[in-house]
Each structure stands twice: as C-alpha cells, then as structure tokens.
Protein chains: 2
Amino acid sequence: MAASARVTIRDVAQHAGVSQPTASLVLGNHPRARVAPATRERVLEAAATLGYRPNVVAQSLARGRSFALGVIVPDLRNPFFADVIAGAERVASAAGYAMLLCGETERPVASHLDTLISRQIDGVILDAANAASLDAGALTGVNVVLVDEPSERWPGVASDATGAGRLAAEHLLGLGHRAIAFIGPSSDVHTFRMRERGFVRALRAADVTLPSPWLRRAPATVAGGRDAMRALLNGRTRPSAVFCANDLIAVGALKAAAEARVRVPAELSLVGCDDIEMAQLVTPELTTIAVPARELGARAARLLLRQLAGEKPRAQSAPLAVRLVARGTTGPAPADASPAAPVA
Amino acid sequence: MAASARVTIRDVAQHAGVSQPTASLVLGNHPRARVAPATRERVLEAAATLGYRPNVVAQSLARGRSFALGVIVPDLRNPFFADVIAGAERVASAAGYAMLLCGETERPVASHLDTLISRQIDGVILDAANAASLDAGALTGVNVVLVDEPSERWPGVASDATGAGRLAAEHLLGLGHRAIAFIGPSSDVHTFRMRERGFVRALRAADVTLPSPWLRRAPATVAGGRDAMRALLNGRTRPSAVFCANDLIAVGALKAAAEARVRVPAELSLVGCDDIEMAQLVTPELTTIAVPARELGARAARLLLRQLAGEKPRAQSAPLAVRLVARGTTGPAPADASPAAPVA
DNA sequence: TTGTAAGCGTTATCAT
DNA sequence: ATGATAACGCTTACAA
C-alpha cells in the first residue's frame with residue numbers, strides 16, 4: 001500500500017543473487033549484454049515475480065534523455081490539431097515514448113518550451129507556432145520538428161499550402177466564378193499565408209483580381225468566419241464564391257449565409273480547407289481541400305524519432321499532397337453574377 | 001551549442017561562491033529558507049546571469065515526485081474529450097504541472113497507466129476509462145481522479161448523467177411525443193449507462209415504454225449514429241423522437257434523417273447530449289443536453305492537485321449540473337403519430 | 001562473465 | 001547561516 005513499496009532494480013538484483021549493475025545489464029536489454037544465460041534467467045525471473053518496473057525518471061537522469069516528446073499546438077480544441085496530436089501520439093506511444101502536451105492558448109509558446117526543456121524532453125513538435133519569431137536561445141539544445149512551417153534551421157513536415165489555395169481557386173474558376181472573396185486570419189502562421197498566396201496567385205493567373213474589401217481578415221474560428229461572412233454579405237456588392245482559410249471559418253461562413261437566407265451553393269459557393277470531420281456534417285456538406293492532419297502528426301513524430309536515433313535531419317521533406325473534395329457548398333456561378341469587382 | 005552546455009546548480013553555486021546545497025536552498029524557494037539576504041542575492045544573480053534552469057528530472061528523482069499529471073481519455077478526437085483535456089491542462093499548467101497525454105485508442109488503459117506510473121507521475125485523471133474493471137494492482141500507489149465514473153475507491157467529478165437522460169425525456173414528453181427511441185453504445189462506460197437509465201426511467205414514469213427494437217446499440221460516433229438511425233427509419237414503425245447518448249451520435253442520426261428525406265423536427269425530433277461546438281453548426285441546430293466538459297476537466301485537475309497537497313479526497317463531489325438547450329431539432333409530436341409501439 | 005565505483009542533478013539531513 | 005554528506009534509482013565505464 002505504501003508508495004515506498006516500489007520494487008527497485010536493487011531488490012531484483014538481491015533477489016536474484018547478483019549485483020545491481022548486472023541486473024541493470026540484463027533488464028536494460030542491451031544489444032551486447034555479455035551476461036551468462038543462467039544469470040539472465042534468474043534476473044528476469046526475479047523481476048517478474050517481484051513485479052519490477054523501471055523508474056523512467058531515474059533512467060532519464062542517468063542516460064540524459066527522457067524518452068518523452070513534447071507537442072505544442074495553438075489550440076487543443078481545433079479538431080485539426082486534435083488530429084495532428086492523435087497521429088503523433090500513435091507513433092510516439094508505439095515507440096515507447098510518452099507525450100507531453102501543451103495547448104494552453106493563453107500561455108506563450110516560449111513558456112511552454114521552457115516547461116518542456118526543463119523536463120529534459122528529447123524532442124519537440126511545434127505546430128503552427130511561428131518558430132521563426134522565437135527567441136534564438138529558446139530552442140537551442142533541443143531536437144525540433146516543425147509542422148506546417150518551413151525553416152532552414154529545423155526539419156519539419158508540411159502540407160502543400162499553396163497547392164491548397166491553388167486547388168480552391170481552380171475549382172471556383174472552373175465553375176465560372178469571377179467575383180471571388182477570401183477569408184483568413186491575419187496571423188503570421190505560415191500555412192495560412194501560403195494558402196492565401198496560392199489562392200490569390202491562381203486567381204491572378206486567370207486575370208481575376210481580389211479587391212481588398214473582399215479580402216477579409218478574421219480569426220480562424222467559427223465565430224470569426226461568421227462575422228467575416230456577415231460583413232461580406234452586407235457589402236455593396238456580393239461575391240459569388242468565397243475561399244476560407246480553414247474549415248472552421250468556412251463553417252462559420254456557411255452559418256452566416258444561412259442566417260442571411262443566402263442559398264448555398266445557388267447564390268454563393270464556399271470552399272474550406274483541412275477537411276475536418278465537421279465538414280461532412282454541415283448542410284450542405286462542405287467542399288474543402290483535404291489536408292492529412294493525422295499523417296502530418298505521425299510523420300512529424302517519426303522524423304523526430306529518427307533524429308533522436310542519430311539520423312541527420314534532411315531539411316524539410318516534400319510537402320504532403322492535398323486534394324480537393326468537392327461536396328455540396330460549391331456550384332456553378334450564377335448567370336447574373338456581374339464579374340465586376342466592387343469599388344475598392 | 002553542445003547539449004552538455006547546460007548550466008547546473010553547481011555552476012551557479014560556484015559562480016556565487018557558495019556551496020551547492022546552499023544554492024539549492026535559495027533556488028528551491030523554500031518557505032523557511034534560513035539564508036542570509038546577501039548570499040541569497042548573490043545566488044539569484046548568478047543563476048540569472050548564467051541562465052540557470054532547474055532540471056526537473058533530477059528534482060523528480062530526489063523529491064520522489066514529478067510535477068506531472070497524466071490524463072487518459074478514450075479518444076482524443078472526440079471534441080468532448082478535447083474539451084476535458086483543455087480544461088485540465090489549463091489548471092495543471094497554471095500550477096506548474098506538465099501534462100502527459102494518453103489517448104491512443106488501440107492501447108489498453110492498463111498499458112497507458114504503466115507508462116505513466118513508471119514515469120513517477122504524481123496523479124492520473126481517468127476519463128470514462130471504466131476504472132472499476134482495471135486490475136486491482138494497476139492503480140495502487142497513484143493518485144487517481146475519475147471523470148464521469150463514480151467509485152467508492154477513488155474520488156472524482158462527474159456530470160449529472162441520469163439528470164441528462166431525464167431532461168431529454170421530459171423535453172420530448174412535454175412536446176407530446178410518445179413514440180420514442182434511444183440510440184447509445186453498449187459499452188460499460190458509466191455515463192452512457194446512466195444517461196440511458198435516467199431517460200428510460202423518466203419515460204416509464206410517464207407510462208411510455210421503450211420497445212426493444214427502438215433501443216439501438218451503436219458506437220458513440222457519427223458513423224454509429226447514422227447507421228443506427230438508418231435501421232430505425234427502416235423499421236416497421238418509426239418513432240417520432242429519438243434521444244441519442246451523445247452529440248456525435250445525434251449528428252450522425254440527423255445526417256441519416258436528411259438522407260432519408262425525413263424532415264427534422266417536423267417528422268422526427270432529435271436530442272443529443274454534451275453540447276459540443278458542432279451541435280450549433282449542423283442544420284437544424286441540435287437540441288441537446290449541455291454538459292460542462294471543460295469544467296469537468298478543470299475540476300478533476302484541481303481535485304488531483306488538492307490531493308497531492310495532502311488533502312484528503314472527499315469521495316465523489318456532487319455531480320455537475322447539466323441543462324437542456326432547446327434548439328432546432330425538436331418540435332411538437334406530429335398529430336398523426338400513433339402512440340402505439342411497434343411489435344417487439 | 002561479473003562486481004566495484006562513479007556519476008546524472010537535485011533535495012534533504014545533518015553537523016558546524 | 002552554511003557546508004559536508006548521503007540519498008533518489010539507474011547507467012556505464014572499468015576492474016576483477
């Protein structure tokens with residue numbers, strides 16, 4: 001019952017009649033553990049009957065690594081990040097690594113990093129954390145893998161963000177839309193910027209301009225999307241299609257359209273990005289660009305693990321492909337849609 | 001650059017010209033640290049200029065506690081659990097505790113517990129883990145707080161699950177429904193069972209019986225809800241209202257209704273449970289029973305922290321109140337609804 | 001093949 | 001008020 005009742009490797013050694021380091025050698029399962037089969041057997045048996053379980057903290061201190069990974073995401077409650085985390089945990093857990101989670105939005109990333117580093121974390125996965133803006137010292141001495149943020153300094157995995165924007169644009173252009181708007185956050189999170197850039201470029205390549213009143217800044221949340229869409233619908237002229245930087249925004253926008261009795265997709269087409277589960281649950285189902293969130297998390301973890309195994313990080317790997325998932329929120333541009341942009 | 005460059009408390013002591021334990025005394029910020037103001041000052045200054053950061057792993061080993069909490073949830077990707085986690089992390093992080101997350105669905109809870117315990121975790125939050133079925137030894141020596149599962153052995157916090165079921169029943173009965181069905185998992189997760197029980201009891205109290213073909217077992221997921229609702233709609237007679245054990249199921253059910261062109265709420269009323277964000281995003285918006293997920297997580301963490309501080313766990317605290325949120329998926333029972341139950 | 005000894009970075013218990 | 005000294009549980013040379 002008492003907490004002190006824990007079985008240590010000493011107890012095992014004693015029980016097996018060997019020295020403590022010998023027990024360590026056996027239980028450490030070392031590759032080149034030169035230990036007699038008979039002794040090994042006795043030690044293992046003792047460990048089993050005593051119910052020995054290694055103290056990872058002590059191991060960590062002695063070996064200088066903790067067999068734990070840290071994951072920092074901007075917001076736990078965003079399903080996209082939940083997916084990334086799930087993917088990372090799957091890999092980490094299979095490799096015997098524990099996962100320290102930091103998602104508290106209120107605290108700065110640097111503070112989370114502090115916590116993790118002081119716990120001798122073996123590596124950190126930073127998702128959309130804008131690592132470039134971090135204090136130089138904050139990340140020295142840690143193995144870092146970035147998710148959805150390119151960098152010369154750290155390896156990482158990312159989705160094809162400009163491709164996502166392009167795909168959205170091409171889809172809308174293909175449907176005949178010319179009066180096109182965009183809703184996205186003003187944050188300096190790389191992925192969002194690239195989605196926007198890819199979108200705008202593809203539009204421009206088709207000689208469609210995106211007038212500034214139709215480039216709405218909004219937080220990447222449902223509420224943000226709803227507000228932005230309301231503003232858009234109250235504008236002098238209305239776009240016939242909108243690309244939203246993520247699905248949360250798009251769902252909010254859809255909501256605003258429903259409130260305003262704007263028919264989707266008859267009067268207004270909407271494209272989101274991420275393809276979170278929610279996208280298939282709204283009505284009509286959301287057309288979106290699918291981003292492999294779980295895979296992103298899993299690859300990030302694998303990359304980190306490989307780094308820990310001593311492998312040289314090969315810069316950024318090729319971005320993960322995204323794909324258009326055409327569903328119910330996009331349709332042909334209305335015939336009466338004036339291709340004219342509003343007064344800027 | 002080298003990882004070994006980490007400054008230890010020794011370096012600080014040396015730099016300040018004091019013994020290492022003295023430095024520890026100062027930096028440990030002990031309540032009754034009897035140390036001369038001058039020395040303290042020197043030590044603090046040395047620590048600051050050297051950029052000293054305590055090694056939590058070493059602290060853990062020496063003090064026998066790790067200042068980390070473990071959280072085990074059945075499924076990271078269920079927004080309800082994401083909320084619980086967010087609430088717990090908020091509290092833990094504010095108290096200087098790190099959070100180890102285990103949500104890998106494939107691995108058994110006992111295995112997750114193993115990982116956590118071997119890391120000298122100070123306490124564990126178990127959410128819907130069916131702790132009662134765990135091996136007796138698996139939880140000895142750990143501080144445990146249960147979420148949404150009552151127990152004589154461990155303290156915990158829970159929502160008012162039977163109340164949730166009752167509220168749903170009363171709402172539907174009040175709207176005149178008599179042909180009522182239920183969709184829920186067959187798992188032995190306590191909350192689900194109690195939601196069901198509260199619901200069935202309230203129905204019975206109003207002399208409404210729930211015929212067995214209308215008690216559908218389904219996984220607590222969107223897909224599960226959709227399948228179950230399809231089966232329900234294909235039955236000989238259809239219910240005029242359905243209570244779903246959680247929102248995910250309800251959303252799936254709503255989806256199935258839409259596919260079958262059954263009008264909600266004109267022909268079919270639907271009530272969910274949890275009030276996840278998604279509930280407000282589907283069309284029509286989901287009537288549901290709001291369960292304070294974040295608060296549940298936050299309280300669990302606080303309870304655990306208090307236990308660690310030596311406070312005696314006072315059994316289970318009173319369940320957190322839930323409340324009906326009437327939205328768009330419920331309406332008066334159709335006039336032609338036959339109150340007759342189907343042949344069982 | 002095995003045991004001895006040192007050390008990981010702290011905290012904690014003593015004398016001083 | 002401060003400084004030795006011994007833990008904490010384990011790993012890892014190095015010696016036997």
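For the numbers below, each heavy atom of this structure counts, side chains included, while hydrogens, waters and symmetry mates do not. This one's a predicted model, so the numbers in the text were calculated from it and none came from an experiment. Numbered from 1 within each chain, the chains take letters A, B, ... in sequence-line order.
Side-chain atoms of A:T22 lie closest to C:dT2 of the nucleotides C:dT10, D:dT2, C:dT2. In this structure, the nucleotide among D:dG9, D:dG3, D:dC8 sitting nearest to the side chain of A:A58 is D:dG9. Side chain of A:Q59, nearest nucleotide from D:dG3, C:dG3, D:dT11: D:dT11. Distances were taken from every side-chain heavy atom of B:S24 (C-beta onward) to each of C:dT11, D:dT11, D:dG3; the shortest belongs to C:dT11. Across C:dG9, D:dT2, D:dA4, the shortest atom-to-atom separation from the side chain of A:L61 is found for C:dG9. Distances were taken from every side-chain heavy atom of B:A36 (C-beta onward) to each of D:dC8, D:dC10, D:dA1; the shortest belongs to D:dA1.
Each of B:S19 and A:V56 has a nearest nucleotide on DNA chain D; the 5'-most of these lies closest to B:S19.
In summary, B:R193 and B:D188 do not engage in a salt bridge, as defined by a charged side-chain N under 4.0 Å from a carboxylate O.
In this structure, CG of B:N55 is placed 9 Å from C1' of C:dC8, rounded to the nearest angstrom. A:R65 places its CZ atom 23 Å from the P atom of C:dG7, with the value rounded to the nearest Å. Rounded to an integer number of Å, the gap from B:R10 CZ to D:dA4 P is 11 Å. Across the protein-nucleic acid pair, A:R119 atom CZ and C:dC8 atom P stand 22 Å apart, rounded to whole Å. In this structure, A:L25 atom CG and C:dT1 atom C1' are separated by 10 Å, rounded to whole Å. If you measure from atom CZ of B:R6 to atom P of C:dT10, you get 8 Å, rounded to the nearest angstrom. Rounded to whole angstrom, the span from the CZ atom of B:R63 across to the P atom of C:dT13 amounts to 12 Å. Atom CD of A:Q20 and atom P of C:dT1 are 20 Å apart (whole Å).
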Practice prompt. Report the C-alpha separation of B:E295 and B:R302 in whole Å, then their side-chain angles, then the decisive distance to 0.1 Å, and conclude whether the salt bridge (Lys or Arg N to Asp or Glu O under 4.0 Å) test is met.
Written response: CA-CA 10 Å; B:E295 181 63 21; B:R302 273 194 285 265; 3.6 Å; yes

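Between C:dT2 and A:T39, a contact under 4.0 Å exists linking OP1 or OP2 to a side-chain N or O.
Listed for the A:N78 side chain is no donor-acceptor partner under 3.5 Å among the backbone atoms of A:D75.
With values rounded to the nearest 0.5 angstrom, B:L308 atom CG is found 6.5 Å from B:L69 atom CG. Here CG of A:L146 is found 10.5 Å from NE2 of A:H190. Values are rounded to the nearest 0.5 Å.
Heavy atoms of B:V57 sit nowhere under 4.0 angstrom from any nucleic acid atom.
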